[in-house]
Amino acid sequence: MTSPITTASKGSKILGMTSIIGFVVLVLLAFFVTDPDIRFHPETGEEFGQFDAVRLLYLHVPMAIVTYLAFVICAIASAGYLVRRTFWWDSMAHAAGEVGTLTCALVLITGSIWGRPVWNTWWEWGDVRLMSTLILFLLFLGYLALRGAFVNPQRAARPAAIVALIAVLDIPLINRSVEWWENRTLHQKSTLSELKIEDLTLFTLMLGILVSVLVMSWLILHRFRVAWLEHIEFEQGVKTAIEERRQVGHGD
Amino acid sequence: MSVVKLDGLVALLEGFPALTGVDLTVNAGEILFVKGPNGAGKTTLLHLCAGLIQPKDGTGLILGHDLSSERTAIRKRVGLLSHSSGLYRDLTVLENITFWTQIAGVEQSEIDSRISWALERMELDSKLQNQKVRSLSAGQIRRTSLAVFIVRRPDLWLMDEPHAGLDQEGRQIVDDLIEESVAAGATAIVASHDFERVLKLSTRVVTLSGGAVVGVEHEGNQ
Amino acid sequence: MKRLFADIGLITGKDLKIELRSRVLINQVAPFALMILVLFGIALDADQQSLKNFASGLFWISVLLCALMAISRSMTIERDDEALVGLNLSGVDPIAIFLGKTCAIAIQLLVLEIFLGVGIILLYRSEVEDLWLLVSTGLFACIAVSALGTIFGFLASGLGVRETLLPILLLPLLLPVLIGATRAFDDALGVAAVNGWNWFAFVAGLTVILTAVGAGANHLMAEN
Amino acid sequence: MTHLGYLLAGWGLSSLAILLYAVRLLKRGAQLSARVPSEYARWMSSPKQNGG
């Protein structure tokens, strides 16, 4: 009873601890155990590759996967809300949408930082994934702005769910159009195929994905609980306001 | 038969509880006068009865339709005269009333006769009919809104300050219209500050305060 | 069904009549569109050749910006004196309201597109190589913009939310339309070696999808 | 190690952003938890809760 009441639970604490330990291990593996990406040209014997910049991918790639995962959760929860109309689904959509927007921003930032040494540019207009991810980010900024514009969170639920679903439906279209727009891409078919995939590289990447999923789950869980509490607080506020207003009525 | 039956209805405007638990029954053929101080919830009550607001709590039946799940059906059958004119400023009086009659789904054969009846009742002469709403006086706009209101022949009349902005003559027309329509089978709920005028007209008076009904008086002309 | 088309016609006709009376589009939006063309010309400090190359992109950006204004205006008409409440009470199918407003915005945008088209031909010296491609792309793209715009216009203004939300909600979603229409125009104006009719097909497909999505969203939004 | 600056920037910024966000969430959660009766939050780990 001594500890302050928070949105943490036993499960979330275990999840949080696991994430932190996993992250530390990931950093150790990514920075000190795995090799840099150095290759030799078969004819000239010249050195080429991503060198140590490859270590950014252990963060960037998992984060991208997690971003898409978060938006898929957001879309499913939005559909869930439209079907069930309960605040549980709305809170889930809100939580996933917000966490996804954060990780999406980080994907763009880490991608840009990685692109500078490897592609020799911070930003590449012709790249499909880069462009689609940026548009995705803007879409969900709009989504969060829409949510923020409502005083009554319950009224935000339906329009927000509709916007989230339209946005997610639009993503493949955006992807298509950008792909045809500039029929070239700097991203390899798979960013991994070009690397010397050793067991250790693959393991580190998988660990990165696992840790990112754990971190995302922790964030969504807590964001969900905050949204849930906000909803309860709003309901309580309404109840009190009704009581107060009734008193006024009978006082006349 | 009750036209309106509200049971513990709570309605929010954004976060604010405009209605805090309204119990109210209105029978067919009644002219209910709703009075109360500003901010008592009169306007919200009328909007709720029109099926424009999703109730937060409580149950309600309007003209036999459920207030939570069948609001589309309710909307078709009620008329709402609110503070705003509900008109298009850049269209003329005649264009406005024609549009609203057509969009309400009035039978093609009946449209012309209904429009000329409504215009005549509200004493909107042919010179006024061809003026843009933008150029009318407040009283003329009110008459146009009333013409749009009566042309639909709603079963339940919801009127928010129907006399506001009208001259003596206009007010008398409104009173006559309400009485005629009720005699023809409609029901009316009128919110107003004009106590004396509505008292003469009404069959029952309820007082709204703090978003709830705090008093019912059976007085008026019956 | 007959009732639906009649209602769509009524709402579209009403909106167009209001536009003819108030001339907001002609007096305010069209000069704004012209202004954009001139501003681009000055800001890019461009020689004739690069303006010609950029013409289709600048054309469609202008259309999108003007569309934002047209959508706002279309919503203001319904909101100023709460005419929207009347529409809701009239028992007209929400789909008719959606399609009616969409048609009205699309027709107004089409007029603007013609105006802007003449603008780029005169100011940027664009040369039309494939008129039909130009016309069909212009037609379909403006329907797509109007359909999605109407939905988000209702979303952003009908619910009492600030109108400044409209651009950020709408523009990213319209990106595929912008890309498709720009590329098709590139071909029609002979500035890029792409297959414009493929791009037109893409835009037409988008139009169908976005209109359907818009109608579906409208259905969800209309309170039952 | 090559590209050390880029590496630190990428990993650093990301960790920092997530950390700040997490702290903000926890703070907000604690604030709200204090104001809302605990029966509405099943996850809250107060001993009373385990009885039911």
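Order of the sequence lines fixes the chain letters, A, B, ..., with proteins taken first and strands second; residue numbering starts at 1 for each chain.
Two residues are said to be in side-chain contact when any heavy atoms from C-beta on lie closer than 4.5 Å; B:L52 and C:L89 meet this criterion. Residues C:R21 and B:R134 are not in side-chain contact: their nearest non-hydrogen atoms beyond the backbone lie 4.5 Å or more apart. You'll find the side chain of B:I103 stays beyond 4.5 Å of the side chain of C:K14, heavy atoms only.
The shortest non-hydrogen separation linking C:E82 to B:S82 is OE1-OG, 4.0 Å. Closest approach of B:W100 and C:G86 over heavy atoms only: CZ3-C, 3.3 Å. Listed here is the closest heavy atom pair of B:L91 and C:K17: CD2-CD, 3.8 Å. The shortest heavy-atom contact between B:F99 and C:L10 is CE1-O, 3.7 Å.
Ranked by non-hydrogen atom pairs under 4.5 Å with chain B, the options C:S22, C:P94, C:A96 are led by C:S22.
Contact of B:S145 with chain C is not made at all, since no heavy-atom distance falls under 4.5 Å. Contact of C:L20 with chain B is not made at all, since no heavy-atom distance falls under 4.5 Å. For B:L87, the part lying under 4.5 angstrom from a heavy atom of chain C is the backbone only. For a residue to count as touching a neighbouring chain, one of its non-hydrogen atoms must lie under 4.5 Å from one of that chain's; by this rule B:T92 touches chain C with backbone and side chain alike.
For C:R125, the CZ atom sits in a loose shell: 12 or fewer heavy atoms of surrounding residues, nucleotides or ligands are nearer than 6.0 Å. The local environment of NZ in B:K56 is crowded, with over 12 non-hydrogen atoms from other residues, nucleotides or ligands closer than 6.0 Å. Heavy-atom neighbours of C:F32 CZ from other residues, nucleotides or ligands within 6.0 Å: above the threshold of 12. Annotation: B:E110, atom CD; neighbour count of heavy atoms from other residues, nucleotides and ligands within 6.0 Å is above 12. By the 6.0 Å contact criterion, CZ on C:F54 is open, its count of non-hydrogen atoms from other residues, nucleotides or ligands being 12 or less.
Rounding to the nearest 0.5 Å places CD1 of C:I77 at 11.0 Å from CZ of B:R89.
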